[in-house]
Amino acid sequence: MRRIFIGDLHLQDERPDITEGFIRFIREECLRCDELYILGDLFEAWIGDDERADLSERVAWELQRLRRPGKFFIRGNRDFLIGKDFCALAGLTLLPDISEVRLGRSSAVILHGDLLCTADKKYQKYRRTVSNPFLQKCFLALPLSIRKRIASGMRKKSRSENSVKPLELMEVSDSEVLRIMTARQCSVMIHGHTHRPLIRDYNTEIFQANSLYLPARRYVVGAWDKEFKYVRADGDEVKLITARLDGRYAL
Ligand code: LP5
Ligand code: MN
């Protein structure tokens with residue numbers, strides 16, 4: 001069973017090269033996989049399924065026509081408003097913010113990654129605010145033009161806050177990583193969000209459902225640009241692969 005995990009594509013009209021690279025990727029690399037997991041921030045910003053922009057329509061069509069693999073989506077902090085309409089259009093199964101998948105002998109916990117940044121109290125408070133269903137309902141009831149302005153203001157504020165925020169606040173908390181992996185008996189974690197792709201080994205063994213103890217390992221997929229990093233799992237053989245938008249892949 002081959003599974004592919006990608007995230008942080010941040011698709012937007014201003015970067016058609018990334019959109020074309022993504023379409024090539026799903027037509028080539030994903031053709032040979034059994035399941036595709038998109039771990040959030042597929043889009044740069046999402047203001048509601050009803051926007052029906054050319055970009056999102058094209059992405060949905062390309063995903064929909066990808067017949068073979070199961071296709072799964074976890075919301076990111078930019079596209080947490082993606083709902084069942086877009087998922088139905090794209091043939092995506094929407095997963096909970098923290099989900100699990102069996103990888104051979106191991107179990108993996110998969111998530112976008114922003115939930116792991118527990119030191120950033122301001123962000124976690126913001127996340128709780130915008131997760132409020134009533135607030136989301138009010139936002140989605142606004143005209144699209146107003147929503148676009150609000151989203152652009154939020155992006156501006158976020159960029160300015162991030163420009164002065166200490167890096168350690170925008171990194172994941174290892175104690176939170178291990179808490180979640182232990183609680184869920186998952187020896188593998190795969191996420192994105194930080195835009196700092198890496199493989200991190202922990203000197204902690206996690207009990208697996210099949211009474212195996214396996215060392216904890218975390219994989220971070222990389223944001224898409226001329227190059228990007230994604231995770232490919234063949235059973236429990238998990239690799240962080242460097243790829244390029246032009247389709248030339250490197251192991
Ligand atoms: O996204 P990024 O990489 O810049 O930084 C993130 C955190 N920031 C965010 C904010 C998003 O960028 C905003 C995207 C808006 C698009 C969708 C609009 C939908 C609106 C729905 C309303 C119900 O996620 C940033 C972290 C960083 O990751 C690293 O982890 O540091 O967090 C912050 O900057 C915290 C700030 O306090 C966020 C301020 C955003 C504006 C707040 C407006 C108040 C809410 C308005 C509700 C209508
Ligand atoms: Mn993110």
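By convention here, the first residue in the shown sequence is residue 1. Note that ligands are numbered from 1 as they come in the structure, with each ligand's atoms numbered from 1 the same way.
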Which of the atoms of ligand 1 are close to [X], meaning less than 4.0 Å from one of its heavy atoms?
{"X": "Asp120", "result": "26 (C), 31 (O)"}
{"X": "Tyr123", "result": "7 (C), 24 (O), 25 (C), 32 (O)"}
{"X": "His193", "result": "28 (O), 29 (C), 30 (O)"}
{"X": "Arg155", "result": "1 (O), 2 (P), 4 (O), 12 (O), 14 (C)"}
{"X": "Trp46", "result": "17 (C)"}
{"X": "Lys165", "result": "26 (C), 31 (O), 32 (O), 33 (C), 34 (O), 35 (C)"}

Please state which protein non-hydrogen atom is closest to [atom] and give its distance, to 0.1 Å?
{"atom": "atom 48 (C) of ligand 1", "value": "Ile150 CG2, 4.2 Å"}
{"atom": "atom 47 (C) of ligand 1", "value": "Leu135 CD2, 4.2 Å"}
{"atom": "atom 34 (O) of ligand 1", "value": "Ser158 OG, 3.3 Å"}
{"atom": "atom 1 (O) of ligand 1", "value": "Arg78 NE, 2.6 Å"}
{"atom": "atom 6 (C) of ligand 1", "value": "Asn77 ND2, 3.5 Å"}
{"atom": "atom 11 (C) of ligand 1", "value": "Tyr126 OH, 4.0 Å"}

Practice problem: Before signing off on this row, confirm whether Glu161 and ligand 1 have an N or O atom pair separated by under 3.5 Å. | Solution: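 Yes - when backbone and side-chain N and O of Glu161 are compared with those of ligand 1, one distance drops under 3.5 Å.
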Quiz item: After noting the C-alpha distance and the side-chain angles of Arg68 and Leu31, does the key distance pass the side chain to side chain contact (heavy atoms under 4.5 Å, CB included) rule?
Solution: CA-CA 7 Å; Arg68 173 149 180 233; Leu31 216 52; 5.8 Å; no
Exercise. Answer yes or no for atom 44 (C) of ligand 1: protein heavy atom present at a distance under 4.0 Å?
Key: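 No, there is none.
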Quiz prompt | Any Leu81 heavy atom less than 4.0 Å to ligand 1 | solution =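 Yes.
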Quiz item: Does ligand 1 have any atom sitting under 4.0 Å from a heavy atom of Asn162?
Solution: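 True for this residue.
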Any ion pair linking [Y] and [X] (charged N to carboxylate O, less than 4.0 Å)?
{"X": "Asp201", "Y": "Arg218", "result": "no"}
{"X": "Arg232", "Y": "Glu237", "result": "no"}
{"X": "Lys165", "Y": "Asp120", "result": "yes"}
{"X": "Glu35", "Y": "Arg2", "result": "no"}
{"X": "Glu20", "Y": "Arg24", "result": "no"}

Quiz item: Is any N, O or S atom of Asp41 under 2.8 Å away from the Mn ion (ligand 2)?
Solution: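 Looking at Asp41, which is the residue asked about, there is an N, O or S atom under 2.8 Å from the Mn ion (ligand 2).
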Exercise. May I ask you to check whether His193 brings an N, O or S atom to under 2.8 Å from the Mn ion (ligand 2)?
Key: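 Within the cut-off used here (under 2.8 Å), His193 does place an N, O or S atom near the Mn ion (ligand 2).
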Quiz item: Which atom, counting only N, O or S, brings His112 closest to the Mn ion (ligand 2)?
Solution: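 Result for His112 and the Mn ion (ligand 2): NE2.
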Quiz item: Out of curiosity, does Val130 fall in the hydrophobic cluster containing Trp46 (side-chain heavy atoms, cut-off under 4.5 Å, transitive links)?
Solution: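 Linked, Trp46 and Val130 end up in one cluster.
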Practice problem: Flag this pair as yes if the NZ/CZ of Arg200 is under 6.0 angstrom from the six-membered ring centre of Tyr202 and inside a 45 degree cone about the axis; otherwise no. | Solution: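 Positive - Arg200 is close enough to the ring of Tyr202 and near enough to its axis.
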Quiz item: Please walk me through it: do Glu29 and Tyr230 pass side chain to side chain donor-acceptor pair (under 3.5 Å)?
Solution: CA-CA 11 Å; Glu29 184 64 10; Tyr230 69 97; 3.0 Å; yes
Quiz item: Strictly under 6.0 Å, is that where the ring centroids of Phe228 and Phe25 end up?
Solution: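 Yes: the rings meet the under 6.0 Å criterion.
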